[in-house]
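Chain naming here is simple, since letters A, B, ... match the order of the sequence lines and numbering starts at 1 in each.
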Amino acid sequence: KDWKSATITLEGAYAPWNMTNADGSLGGFEPELAKILCERAKIECKLVASDWDGMIPALNAGKFDVIMDALSITDERKQVIDFTVPYAATPAAFATAKDSPLAKAAGTGATITMTAGQTGVKEIEALKAAFKGKTIGIQAATVYAKFVYDNFGSVAEIREYKTGADRDLDLQNGRIDLGFDDAVYFNNAFESAGGALAFTGPEIAGSIWGEGEGLGIRKADTDLRDKFSAAIKSALADGTVKTLSMKWFKVDVSPQ
Amino acid sequence: MDFAFLSSTMVTLIKAVPTSLMLFSLSIFFGGLLALVIVAMRVSGNPFLAGFAKGYIFVFRGSPLLIQMFLIFYGLGQFGVIRYSFLWPFLREPVVCAVLSLALCTAGYTAEIFRGGIRAVSPKEIEAARSVGMSGFLLVRRIIAPIAFRHALPAYSTEIVLMMKSTALASLVTVWEVTGVAQRLISQTYRTMEVFLCAALIYLVLNFVILQALNLLEYSLSRHRGAIPPALKA
Amino acid sequence: MTGLQLLGFGQNGWGAWLLVAALMTLAVTATALAIGAVLGALVASARLSGSRTLSFFGHVYTTIFRGVPELLIIYLIYFGGASGLTAIAQSMGYDGFFGMPSFVAGSLAVGIISGAYQAEVFRGAYQAIPKGELEAAAAIGMSRALRFRRIIIPQVLRLAIPGLGNVWQLSLKDSALVSVTGLVELMRASQVAAGSTRQYFMFYIVGGALYLVLTSLSDRVFNGAERKANRSMPSAAIGKV
Amino acid sequence: MPDVTRLSVRNIRKSFGTHEVLRGISLDARDGDVISLLGASGSGKSTFLRCINLLEIASDGEIIVDGEPIRMIHKNGVSRPASRKQVDHIRSELGMVFQGFNLWSHMTILQNVIEGPVHVLKRAKADCIAEAEALLEKVGIADKRHAYPAHLSGGQQQRAAIARALAMKPKVMLFDEPTSALDPELVGEVLRVMRALAEEGMTMLVVTHEMSFARNVSNRVVFMREGLVESSGSPDEMFGGGASPAFRQFIGHFGNSQ
Amino acid sequence: MPDVTRLSVRNIRKSFGTHEVLRGISLDARDGDVISLLGASGSGKSTFLRCINLLEIASDGEIIVDGEPIRMIHKNGVSRPASRKQVDHIRSELGMVFQGFNLWSHMTILQNVIEGPVHVLKRAKADCIAEAEALLEKVGIADKRHAYPAHLSGGQQQRAAIARALAMKPKVMLFDEPTSALDPELVGEVLRVMRALAEEGMTMLVVTHEMSFARNVSNRVVFMREGLVESSGSPDEMFGGGASPAFRQFIGHFGNSQ
Ligand SMILES: Nc1ncnc2c1ncn2[C@@H]1O[C@H](COP(=O)(O)OP(=O)(O)OP(=O)(O)O)[C@@H](O)[C@H]1O
Ligand SMILES: Nc1ncnc2c1ncn2[C@@H]1O[C@H](COP(=O)(O)OP(=O)(O)OP(=O)(O)O)[C@@H](O)[C@H]1O
Ligand SMILES: [Mg+2]
Ligand SMILES: [Mg+2]
């Protein structure tokens, strides 16, 4: 099949990755990047919003051809769909209330790099001691959730939320002491929390979070996947991704 | 068919069944009690109480449970008054909030269902009760409630089953019951249909048992009716 | 940006967006209720028919569609329906994806579910009809169909109105699940607005309020119908001394 | 008037659970016959009438209306009518006034009365209304024609029920205590109407406790006891000297108090 | 027996919409009085009884039971009782047998009968059952005590309703056509029971179309017409020569057909 046109779906409610404008149009980092990628792949693209819950089955049912919704590339997902090369990879960090005794834990402001499965990192051990007996909120079924369970499951109580936004609200309400998530996401969330929340402890980057975020594509459509992978590579190479990233996230999320 | 996957999914989901059942039974119990109070207010004839009940039913029956639960769990904590009050130790607990919002919501529906049942009680039988000097609670307990309950039973069965399914929303407030666990499994494995089918099977079995029990109840409460002659069946 | 601007109809206001979604919710619910009324009447008559087979199938229908979570039924109809259509289309030589339009799939799914609820409402109402009145109808030689049309339906409708009000309410909220088909109804619209602006409370409260507006409109209709249907009844004995 | 057998009932049996209410009742009614059905409370009079128009299905026996036997199917010890259509048709020729009236609560009195003629017999609505109003006039409740049954007195409901049955112009009328809720003046009125109908050739089966009716209007008296016809005969026979002891005891009060 | 006024009704008025059904009715009943209330269908007899125990609220007038006036509140042209407690108490002393029986459909006959004594009067259940069974025996439906109302014949239901009212041992009984569904033998039976009650001093107000009752059992006859008491007097006065022309016309049929 020669791909002249393709339908790309995203949730349209995950600012600043992708969001809906008041007039119903889509905006954010991903819609803008998608436009560039499609131009480079010479595909005419149509963007449609759809619900996160039905996204993967709908892709496999053929309702659209590409998912672009901050979809992390994981082994489990690879069993049902294919991914392009990543167009973004973000570090993660803890957040807490600004006036909490846990604010400014050791390493705040620094960045450490971890590889997949790495243990015994001294910064993490320090946090472990500091977070003993506290409650940590995470978004269920994410790579971050696995990390927190692996490293803090023995010392802290862990509470799983359906969405990051819910967790942030509870962080403000004081039901939980800490949250752990994508640092880029947090950056944006802090803004709407009116300065009540802040990072604590070091930012954690590296291959521990997997390859990063890529486009999800049906397994059968390898040609489409290759076209988009090529486009992503070129956009990363010439700094286009970085420019867009600085515009929307104020940090560079291009995978290293 | 990937039977290994299905069976491991089933095991994971079944572990969450007690949570679902706990949410279900507590909210049916408290919701039922609250509904009795609300419906009593609604038919009391006192304009103030009836107005309050109408408002209550309107709000809790009229808006989605998801929004109610969100506002109760995440919204109440935004108010310092509540966060620093004696209520907070309770409201802080996700389970309490989940049961609270489920019960508040079902009370609105149930009150309306019971009111429908009360409407179907023959005015003549109520008059007969009044003429022997019954009124108030006695009249309700002996005459109105038994007849109304019988009339309301089909609709109430539906509501009970709905509550079983509504417990699915509790994962919004971090109480991980069957549907929540299923959704978590889906976002890990992306095998939507398989996981959902397993979850559906669990709900179907639970609800089948509930409905069967309610059918039995309905049957045993119907002895007093003359059987509908076969010649008349619709 | 102030809340008022966010909710307004101006350039950055979400007013129009939410309003259109509310109308969509109304349309899905009304369509579903109509579909459900037909199914519900059929299933209720099957359950009351006295025929064991029919009654069994009626029972199965109400048990399954009340017992299985709504979301799954919507999934099955939407994706299952789409696979079916696509397979048919491909066997006829067409290529690509053929789905049911979201609106059709959504209304159909909610309608099938609401049919199970309505069947129970109708059944309860039927059983509350004074038996003697049915006998009187049979005694003047009314056929089943005529009895159904002239005696049963009017009385069932009267006795079912409160129950149908409840079903309307349920379907209104089931319609919120239809968003998995990509339909932007009120619930999804509120979530999108909340997620895009991060004004969660405001948009949830506004969304809830819009649901209440829809409810108050429908309550008005149902209350009017109830008043009208009950004019032949003695004034309710319950509120009296 | 030709001597036609309008209604013939052979050996009807009916049980509720283990309680056998009708134990083999037979009866023939010709054109213009007015048969009084007497019997103690609970002796099965209402059940008998209800079996005739198949509101209850007799477990045994045969019913022949206007020469046409009602076809029944017997299977696994359960009987049911073979043709629903036939039942509907026969019912429209058998009028019935119920002991409990059974007016349709969602219709006004006038609507109750025209319902059958318009929708079962498919006659023109305007004609039916005119006739219905004349009937309601005759039984004295024309002023209540737009009221709903729940707003009527007992006697008014009973008269409405009579009017509803008559409006179908049935060949055979089954009356279940048609004057129980009426005052003496109205009883006289209604009996006059019934006598007139009898003279026009309508066949009537009347369950009644009104001995004056049995004696003066009917041409045959059937006395039921414990699910059987204990005795029957012309009014003169029954109320004269020839009655059975049981019947004499039954009407004892009637005899005494006058 | 002391000469006590058990029930006194003064100038009762009641309208349904614009239709004034009772236009000022007064009546006094002493211990042991048996008052027959006669009147054409629709003349307001049932409404009058219903007003006495406040199932309908009269728009005007006064009701005094056993010397205790029922306190009413009049506000904005609407009347209602001042004390619900008083109403309950008074109702438990006023027995009522309804024209339509109004048995509780979800209870067996026995349960219907013991309901009031056990739950309103709070008497021991075992005693109530024993008494109820005796009462049911008296009215001849003891064998039906475990049946539900829907499974009873008309006359059986009526007797159950009478038993239910008597089980409360009220001081005043209001009967609305208590023998309408009964056969002559049973009518005699029930009248005997009523006569015995009257002799024990129970006060009774009986709406009836049974002239033999009015004549032989009651000690006063009240004839209602168009919402007013047209005439009243002892049975001898009323059925003798002294009756009003209207009353004479009303009982005309009764006179004729015998
Ligand atoms: N709820 C009501 N609404 C309107 N009109 C009513 C209502 N109840 C009774 N009526 C009217 O009031 C009048 C008196 O009725 P009531 O039942 O008292 O008559 P009654 O004397 O008992 O007659 P019957 O001997 O036929 O029982 C009748 O004309 C009736 O139509
Ligand atoms: N649906 C039923 N189920 C059980 N028993 C019944 C049913 N209907 C009637 N019976 C019983 O059958 C017997 C005859 O009832 P039926 O109504 O025919 O009597 P009836 O002769 O009309 O008496 P009445 O003069 O009191 O109306 C009664 O003993 C009654 O209890
Ligand atoms: Mg009978
Ligand atoms: Mg009356």
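Within the 4.5 Å cutoff, side-chain heavy atoms of Ile52(D) are placed close to those of Leu94(D). In this structure the side chain of Leu27(E) reaches within 4.5 angstrom of the side chain of Leu205(E), judged on heavy atoms.
Gln99(D) touches chain E through its side chain: at least one heavy atom from C-beta onward sits under 4.5 Å away, while N, CA, C and O do not. Of the two parts of Lys144(E), only the side chain, counted from C-beta on, holds a non-hydrogen atom closer than 4.5 Å to a non-hydrogen atom of chain D.
Of all the listed residues (Thr179(D), Asp183(D), Thr208(D)), the one sharing the greatest number of non-hydrogen pairs under 4.5 Å with chain E is Asp183(D). With chain D as the partner, the residue from Ala40(E), Gly140(E), Gly39(E), Gly44(E) showing the most heavy-atom pairs under 4.5 Å is Ala40(E).
Taken from CZ in Phe101(E) to CG in Leu152(E), the straight-line distance is 10.5 Å, to the nearest 0.5 Å.
Residues of residues 221-232 of chain E lying under 4.5 angstrom from chain D, judged on non-hydrogen atoms, do not exist.
Aromatic ring centres of Phe175(D) and Phe98(D): separated by at least 6.0 Å.
For the residue pair Gly42(E) and Gln156(D), the shortest heavy atom distance occurs at CA-NE2, 3.6 Å. Contact detail for Met211(E) and Phe250(E): the closest heavy-atom pair is CE-CE2, 3.8 Å.
Residues meeting the side-chain contact (heavy atoms from CB on, under 4.5 Å) test with Glu115(D), sequence neighbours left out: Met142(C), Arg150(C), Trp104(D), Met107(D), His119(D).
The local environment of CZ in Arg80(D) is sparse, with at most 12 non-hydrogen atoms from other residues, nucleotides or ligands closer than 6.0 Å.
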